[in-house]
Amino acid sequence: MTRRATPGQTVGPFFGYALPYPGDRHLVPPGTPGAVRLHGTVRDGAGNPVPDALIEIWQPGPSGAVEHSGGSLRRDGFTFTGWGRAGTDTTGHYSFSTLRPGGEVPFFAITVFARGLLDRLFTRAYLPGADLGDFPADRRDTLRASEESTGYRFDIRLQGEDETVFLRFPGHRAD
């Protein structure tokens, strides 16, 4: 097996072991009954696509229950683990094949790794219609996915106008 280094970044370079890996972006195989597509574009502060970002998602299943099944790094084609990873392409686009998350306020938890970042960023892609009552009204749209015929679109803006709201969690290193 030949391993190649990822592009140099502020916190890299790293060897590309498991970045990517077969099935990384397919939480369920495309075409699975109930499968949806979550996709979008990652853009920098100037609005340019980021061609070498890495996006991870965590999510509950359609019932709203958090999955505890192993197998995210070695997909078996049957087990939904609720976790996936996708790199962006040359146009900054990422895509996942997954299931619609359930629960009272369904969302995809998203982590963004990108050049120039000293640490990962966290955000959420709430499904259309989610009540985001405590968030400022003018920022809510940066946390909402838009619905499409095949699933959902969630664009990520790392900074600048329309910057995506990024979240901080207990235990996450402060900057």
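Just so you know, these numbers use all the heavy atoms, side chains as well, and skip hydrogens, waters and symmetry mates. None of these values were measured; they are calculated from a predicted model. Along the sequence shown, residues carry numbers from 1.
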Rounding to 0.5 Å, atoms CH2 (Trp83) and CD (Glu67) come to a distance of 15.0 Å

Which side-chain N or O atoms in residues 123-130 pair as donor and acceptor under 3.5 Å with protein atoms at least two apart or in another chain?
unit_1	atom_1	unit_2	atom_2	d
Thr123	OG1	Val165	O	2.7
Arg124	NH1	Tyr126	OH	3.0

Are any side-chain N or O atoms of Gln59 and backbone N or O atoms of Leu99, one a donor and one an acceptor, separated by less than 3.5 Å? yes

Approximate separation, where rounding is to 0.5 Å, of Arg85 CZ and Leu27 CG: 12.0 Å

Rounded to the nearest 0.5 angstrom, the CZ-OG distance for Phe78 and Ser69 is 14.0 Å

Pair Leu121, Leu167 - check side chain to side chain contact (heavy atoms under 4.5 Å, CB included), show working. CA-CA 7 Å; Leu121 300 173; Leu167 309 170; over 6 Å; no

Answer yes or no: is there a side-chain heavy-atom contact under 4.5 Å between Glu56 and Arg120? no

I need the Leu38 CG to Ile110 CD1 distance, nearest 0.5 Å. 5.5 Å

Sidechain-backbone polar pair: Thr79 side chain, Thr81 backbone, donor-acceptor under 3.5 Å: no

So, does Arg75 use its side chain to make a donor-acceptor pair with the main chain of Pro22 at under 3.5 Å? no

Side chain of Arg153, backbone of Glu147: donor and acceptor closer than 3.5 Å? no

pair Gln159-Asp44: side-chain heavy atoms closer than 4.5 Å: no

Ignoring hydrogens and geometry beyond distance, is a side-chain donor-acceptor pair present between Arg100 and Tyr152 at under 3.5 Å? yes

Can you name the one residue among Ile55, Thr41, Thr142 that meets side chain to side chain contact (heavy atoms under 4.5 Å, CB included) with Ile156? Ile55

Taking atom OG1 of Thr88 and atom OH of Tyr94, what is their separation to the nearest 0.5 Å? 10.5 Å

How far apart are the C-alpha atoms of Arg37 and Ser95, what are their side-chain angles, what is the distance that settles it, and do they pass the side chain to side chain contact (heavy atoms under 4.5 Å, CB included) test? CA-CA 7 Å; Arg37 179 181 186 214; Ser95 182; 3.1 Å; yes

Quick check for you: to the nearest 0.5 Å, what is the distance between Thr164 atom OG1 and Arg43 atom CZ? 11.5 Å

Side-chain heavy-atom pair Asp52, Arg115 within 4.5 angstrom cut-off: yes

Can you see which heavy atom on Gly77 is nearest to which on Pro29, and at what distance? O-CG, 3.6 Å

